[in-house]
Structures are given as C-alpha cells and as structure tokens.
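Worth saying up front: this structure is predicted, and the values here are computed from it rather than measured. To find a chain, count down the sequence lines: A is the first, B the second, and so on, and within it residues start at 1.
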Amino acid sequence: MNIEKYDHKMIESKWQRVWEDRGVFHAEQHSGKPKFFALVEFPYPSGQGLHVGHPRSYTALDIVARKRRLEGYNVLYPIGWDAFGLPTENFAIKNHVHPAEVTKKNIAHFKSQLQALGLSFDWSREINTTDPKYYKWTQWIFLKLFQKGLAYKKEMAVNWCTSCKCVLANEEVVGGVCERCHSEVVRKVKSQWMLKITEYAERLIQDLDLVDYPERVKIQQKNWIGRSTGAEVDFETTLGDTLTVYTTRPDTLFGATYMVISPEHPLIEKWADKISNIDEIRSYQYEASKKSDFERTEVAKDKTGVRLDGVEAINPVNGRQIPIFISDYVLVSYGTGAIMAVPAHDTRDWEFAKKFDLPIIEVVKGGNVEEAAFTDCATGIMVNSGILDGLTVDEAKKKIVDYLNETKKGHTKINYKLRDWVFSRQRYWGEPIPIVHCPDCGAVALPESELPLELPEVESYEPTDNGESPLAAIESWVNTTCPKCGKPAKRETDTMPQWAGSSWYFLRYMDPHNDTALASREALEYWSPVDWYNGGMEHTTLHLLYSRFWHKFLYDIGVVPTPEPYAKRTSHGMILGENGEKMSKSRGNVINPDDIVNEYGADTMRVYEMFIGDFEKAAPWSTSGIRGSRRFIERYYGLASILIEGGLRSELESKFHKTIRKVSEDIETLKFNTAIAALMSLINDIYATKSITREELRIFTILIDPFAPHVAEEVFAMCSLGDGLVCDQQWPEYDENKCKDDTVEIAVQVNGKLKARIKIAADADEAAALEAAKAEPKVAEFTDGKNIVKEIYVKGKLVNIVAK
RNA sequence: GCGGGUAUGGCGAAAUUGGCAGACGCAAGGGACUUAAAAUCCCUCGGACUAAUACUCCGUACCGGUUCGAGUCCGGUUACCCGCACCA
C-alpha cells in the first residue's frame, strides 16, 4: 500500500482534535467498570513554561492510564494548576500586573504545551488552586483544623527568608538557605499560624505499612519524623525548681556530670536575679539569637557555653550536685530544651567537657573514655552505676526507667524531630486565612457561609520590611466585625503557604464542580484512594507528608473514606542537561520541549523520554539519541507500506506473544525503556520478513498506542485495522504456552568456560542435552583424557561439564 | 557524622534475580543507492594478540571469599550522587 510521508504535525494535531471532540478521555462519574485513578503532581505554572522533566512523569502515567483504558477500566487521569506562589507574585510586582493575570497567561501557555504532547488528561476536570471556587474548600479545611484545635497561633522563633521577606516552614529551609531563592535564612520571633502535624507523627509512621511506596521514600519520611524512645528525668536544683531533661540513654544517668540548657530556656529568666554572672549569660543569649540556624550548626566543631553561677542541679539517682551551663548546641525546640550531659558516652558532651575541663565518668565499660566518648550500646556493661552495675545497656535502660517511674523522678518518653507546620506567609498571592481577630473573643473562625474569603484587590503586592503581609495595608478589607460578638475586629492578613492547595487537590478531581462540598461522598467513595501517584523525590518530606497529614485529618472528621490518600507512589528521576548537570538557565543547558515537539513530534518526544533509561534514575538528555526514537516511529509508520492480508504468522508467533508479555509487564513495573526495546526488537524481526499481516499490525498498533498514541491512531485508521479508535480496542493477551520456542540454543561450558553453543529441543532431558554437548568437537577437545567429575544441565540455559 | 543509593563498551543502557555479559538505541567506520549530499537499506563495532569475523587470553570500580558457574551472593576498600545533620 502506498502511504504518505510521515508528517508528525498533521497527524498529531488531527488526532488531538478527534480525542478532544469525542471526549474520549473523560472519566465516567458512574460506571460499572472497575475504576483506576492515576495521578501526577500538578504543575506550578511558571513563566518559563514546561520543563522536559514534566513530560517524563506525565507520559509515564499516561502510558499506564491508556493501558488501563484498553484493559476496560474507568480511568481518571486529571490535571490542574498549583498556581499560588512566589515567582508569580514577584513577576507581578516587577511588571505591575495582577498575579491573577500572570497566572492566567502562564496556565494558557502550559495547557497548550501539555495538549501538544497528547496526554490523555480529562480536561473537563481541570482545577486551579487560585480559583475562589477551589480555595473556598482549602479555607474550609483550615476552619475544620482550627475548630479541632489543630491550627493555632503562636509567638515563636521562625525561619525568615531575608530575600522573600517571608516565613518558611522547616521543610523549606535546605542547608540553612531558602529552598526557593537560596538566600540567607535567619531566626525571627513572630506570631504565626501553626498546624499540629506532630499530633499525627505516630500515625504518619505507622500507616506507611498500609501503602505501596518505594522503600527509600518510606525511610526518608520516617527519618524526617525522627521518632526516638527515651525518658524524661527530673533534676531538682539548688534553687528549688525542677529541671526536666530528655534522654535516650537513661542508663547513663550515673555518668551525668553537668547539665546543659538552651539559651532560650525559660528557667533562666526565673533565676535571673540569683545568677551572679547574669550579664555574661545575657550576652551569650544575645549572640545566640543573632545567629541563624545555619550559623549555629556551622560552628558545630567548636562548642561554646557559659556556666550559670549560683545554681546547680541534683542528680536524682546519687544526689550529686552538678553545674548547669547554657550552650547553643542544645535546641529549645527539641525535647525539653535541656539535657543531662554524659561526656563519657556522648560525643558532643565529651567535646564540651574537654573544652571546659569537666569530669568524665565512665559508666559503660568497653571503650577508653579519656580518648573518646564510648557510644556503643550493643556491647557495653554498666559500671560505677549503683543498682545498674553489671547489666547490659538494654537491661539498664529498662531497670532505670522502672526506678524513675516508682520514685516519680521520671518516665518513658517518645520524642519526634518533626515540628509543627508553620502555616502563615506574609505575602499576597495565597489563600487568605479565614480568621478574624476580635479584641474580646480572640481568634474567631469566619462562618462557613462567608467562604470563600476572596483576596481583595490591592495596589501594591510588595512584601513589607516590617514582616506584614501586603493585605495589612488595605484597611477596608482588614477592618470588619467579629462574627461572634459583632464588635469591630480585624481580619488575619497572613496567607497560606503554597502547600495548602496541593494538600487535598486530588480529592477535588473526583468531583471538581461541586459547590456544596469539596467533593460528594459518593464520588469520594467511588474514586478513593488514588491508585497510582507519581511524583518527584523532592516532595517526600514536603507535599507528600503534608497531604498525608491533611488526609488523615479529613478521615478523622469523616470527610474521606480512607486513612491514606495514595495506594501506590512512584518517583521519576530527573532529566539532566546534555552535559550531565542539572538543567538550568544559568548553566545554559535547558531543552525546551516545544522545540522537540515541533521538530520531531510528540510521539518521538514521548518515546524518547521513556527510552532514555531507568525511569527512577536521573538521565542526561541526548539530542542525537532522540533521532533513534524518531526512526522507530517512522519504521512503525512504514509498516503500512508492507501490509499483507493474514493472521499471526507461525514464524513470528512466539515473538509476538513474548513481546505482549514483556510490554504488559514492563509498563506495570515502570520499565518503559525495556518495553520499547522489545517493540524495537519485534519491528526488526518483522522487517526481516519484508511484510506484516493485518492481524500482526493490529496487535503491534495497540501495543505501541500508549507510548505513541497519535501515530498509532493514524496507522489504525489508514489501514482500517478495526472499528473506532485504537483507544476503543482491547489490550492484547498473550498465551504463556505460545511464548516458548520449540528449539533453543544453549551454552556448553567446560569447567565453567564457554566452548560451544548447541541447538536442542526446548524440553530435551539431561541425557539428550549431554549427548549433544559431548558431540561438539570443541567439548571433546577439552574433556579428552580427563575425568568427568560433574555434569550440570540447566534446562533452556546451558550444560556445564566439570573435567579434571 | 548518620541514613539511602550508584559504579557494566566511546555514550544512554540491558541481563528472566546465581546460568551464553553488553539486548535495544546513540555515536563511529565500511558498503549499496545517488551526478552529489541528505534520507534509507546492508555489514562491523568491549579489549589484547592477529592477515583473520582461526585460535587463545583478559574484561561488569578495587581486594578477597562462597560456588561446577558470580555483573548478580558474602566480607572488606575506594569514588561519586541524594537526603538529614549538635534531635541529647
């Protein structure tokens, strides 16, 4: 059959239009079919447009979604826009346009880029976090959190980005600098909205058992939550107040030779007039407060501190009086902000003790505590420890905790490194926090009927140096009345962080136009949970953790039907620049997906990104490599010109069945690269026969459809391979029995070294195989005159003859 | 420092989980077609020794071990990547 030259532009725009007109990718709201909810992280519509990294994730789940449809599932594969955020706001400030305008423009650009890739998104369910109809429900969830006491306002030291002029969550501070702009982060005391994610710490760990996530993601979340088991111990002081410390090594209590409290510890104020060197203490506190967290940790090598003169602590197990220091190596925000120092068995305490010449008492035998702290818990035996002497560390821990409990001097305690989530931002382009501050009633929730609380129009979006949101300048908006008592009151002027809208967005896809609930109960029951969620590793301790927290909360108040939002999570690797470095404007190695789609077509782009290497690992872009994918597409398209009538030919039968099996399995395990390799290998074999039958082309077309859907539709229509579209067909099945060949080539080894290859019947028994092997002259040459010690036959693989 | 990961041709990578190392693709070289080029098609393509696609030997970061047999398992070493980092 004569065919036109492959013209990707014509073919791709044609089929994109057909899909759109027929609405073939719209999920059915009610269906007798099994459901499948595939989810990719919705993009932030930045001014730069799509990055080549986006299609890697989107194409992967597009392949899964398309395969599921062919397998008869009712598939929901939605997309939307995580559109609140700083870059848009900064652009708006610089160019004097409204952030909503910028957002609209960016979304239009992103949308056209995504549509050009032929991704099978259900565009009828598109959502946008900056749409008041959407953020009404973000605010609604916040009110629920507030009503349950999980959102609270607190005066506290926060991470302050000096360039964004905004508070950051702990998760947004990376290596001491702002995750976004890499500027210095300092500590600032401010009143902030907080979310009690710590209340869910235990369940966020435990419920990882319920989900199918990569192990590295689970480990990273567990480490971030940082659960540790220890004890709180009360030390009386010579001034009468009790100083409580947290320790994971209560067994070393007899070895405590001094105490350290953080510079911010409240007892210092209480003791102020009894401490004789209070000026020295004050100046140390001042110095510490000036330092950012980063600086504090940078000087980790050199310990500093000041002893509190005029007060000592009393060790509850031996009555020994020991000095108390302040030092910034003890953090206010963890445990009780105070520690008992056991220099013999803790590296940090050891360094401090050496520097300040404090006694080091060995209580666990096994090391040389004059040389270094001995921290090994597994092998040591307790000494110098009264009732604990002779016990192992584990036994000692148990016994001392029992003792502390009995004597009411302490108790078991579990601590987490996880901190509550700093939830307010002093910026314009975010969801307004729906709270009113009343002089009489305090913080009062806006009634639900007043949601959404929309962002007011404002003249200037500039962040202010005094740390207030630009919203604070709009008096007409700020001044309101208290919903409770009706007296004059002021609105909260901080907005929510970008993570708010993305913490529940997948729920909205289930029922995106509902204006009486975030989604109907029916939709939530039908679609929950997300069956497969793919996204980046960088969100493991941010979005992924936050959204699990919100989901658990919504589960607790009866809104959602499952305790976990995502049944399965996978992660794609980054696409690097051609030079192997991360793509960035400053490195000049950015590839624009538009250029690739223009020059080679979406199908080539899709196949290339899936063929580039292990999906879960980083891979460098290769401009010449993409030509191989284009050739493959053209070779597939060219099959139409050698089409003959007929069914599956016997010489290709097992190859076809094996390929169906390989492609089917590889898509499920994210091995898109080997699935494509299998299709390439099959096409090579087909070309070797110089023809392809109608049935063979039909099967091949359905197999290639998830990867290269436009050209598949074109060939399907051009060659009249069936009714309707490719996406109306059924995924082909394979027969395990037909995957086998009658004869196989196996290796013949002598003493483990390859000497020959022989063709034998696939089901040949050992005797037959050995006979055939020994008939090989090469084999005879190496075994003649030797004793055959052992003979090994692995069916379908090899024969190994061991001769001495 | 702690936690996780990776290491295979000139390059991206495969290898049914202990069984023929390098599938598939890129790049390169040679040939066909062409006035020529591009495209396409065919052949070669880990290294050493070779006239040779005869032989033979070496080869999956490095050292050692288990095994008839190791890229794969075990012990140790090195390098690189990612995450966390004074969390008591």
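- Atoms CD1 (A/Ile801) and P (B/C68) sit 16 Å apart, rounded to a whole Å.
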Would you list the protein and nucleotides 55-61 of chain B atom pairs, both N or O, that sit under 3.5 Å from each other?
| residue | atom | partner | partner atom | Å |
| --- | --- | --- | --- | --- |
| B/C58 | OP2 | A/Lys753 | NZ | 3.3 |

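- Counting only N and O atoms by type, the side chains of A/Tyr284 and A/Thr304 include a donor and acceptor under 3.5 Å apart.
- Nucleotide B/A85 is matched to nothing when pairs are restricted to Watson-Crick or G-U wobble geometry with both distances under 3.5 angstrom.
- If A/Gly613 and A/Ser624 are placed on RNA chain B by their nearest nucleotide, the residue sitting closer to the 5' end is A/Gly613.
- Nucleotides B/G3 and B/A85, compared at atom C1', are 10 Å apart to the nearest Å.
- Distance, A/Arg630 CZ to B/C26 C1': 17 Å, rounded to whole Å.
- A donor and an acceptor atom, one from each side chain of A/Tyr637 and A/Asp7, are nowhere located under 3.5 Å apart.
- Glycosidic conformation of B/A37: anti, with the torsion beyond 90° of 0.
- When both distances must be under 3.5 Å, the Watson-Crick or G-U wobble mate of B/G25 is B/C11.
- The C1' atoms of B/C45 and B/A39 are separated by 23 Å, rounded to the nearest whole Å.
- An anti orientation is assigned to B/G12, its glycosidic angle lying beyond 90° of 0.
- When each of B/C86, B/G83, B/A88 is scored by its nearest atom to the side-chain atoms of A/Gln220, the top-ranked nucleotide is B/G83.
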Dump the intermediate steps for ring-ring contact (aromatic ring centres under 6.0 Å, His included) on A/Phe352 and A/Phe325, then the final yes or no. CA-CA 10 Å; A/Phe352 192 90; A/Phe325 288 77; 5.3 Å; yes
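- With a cut-off of 3.5 Å on both pairing distances, the Watson-Crick or G-U wobble partner of B/C68 is B/G19.
- Side-chain atoms of A/Asn534 and A/Thr570 include a donor-acceptor pair closer than 3.5 Å.
- Anti is the conformation of B/U66, whose glycosidic angle sits further than 90° from 0.
- Atom C1' of B/C11 sits at a distance of 13 Å from the matching atom of B/G22, rounded to the whole Å.
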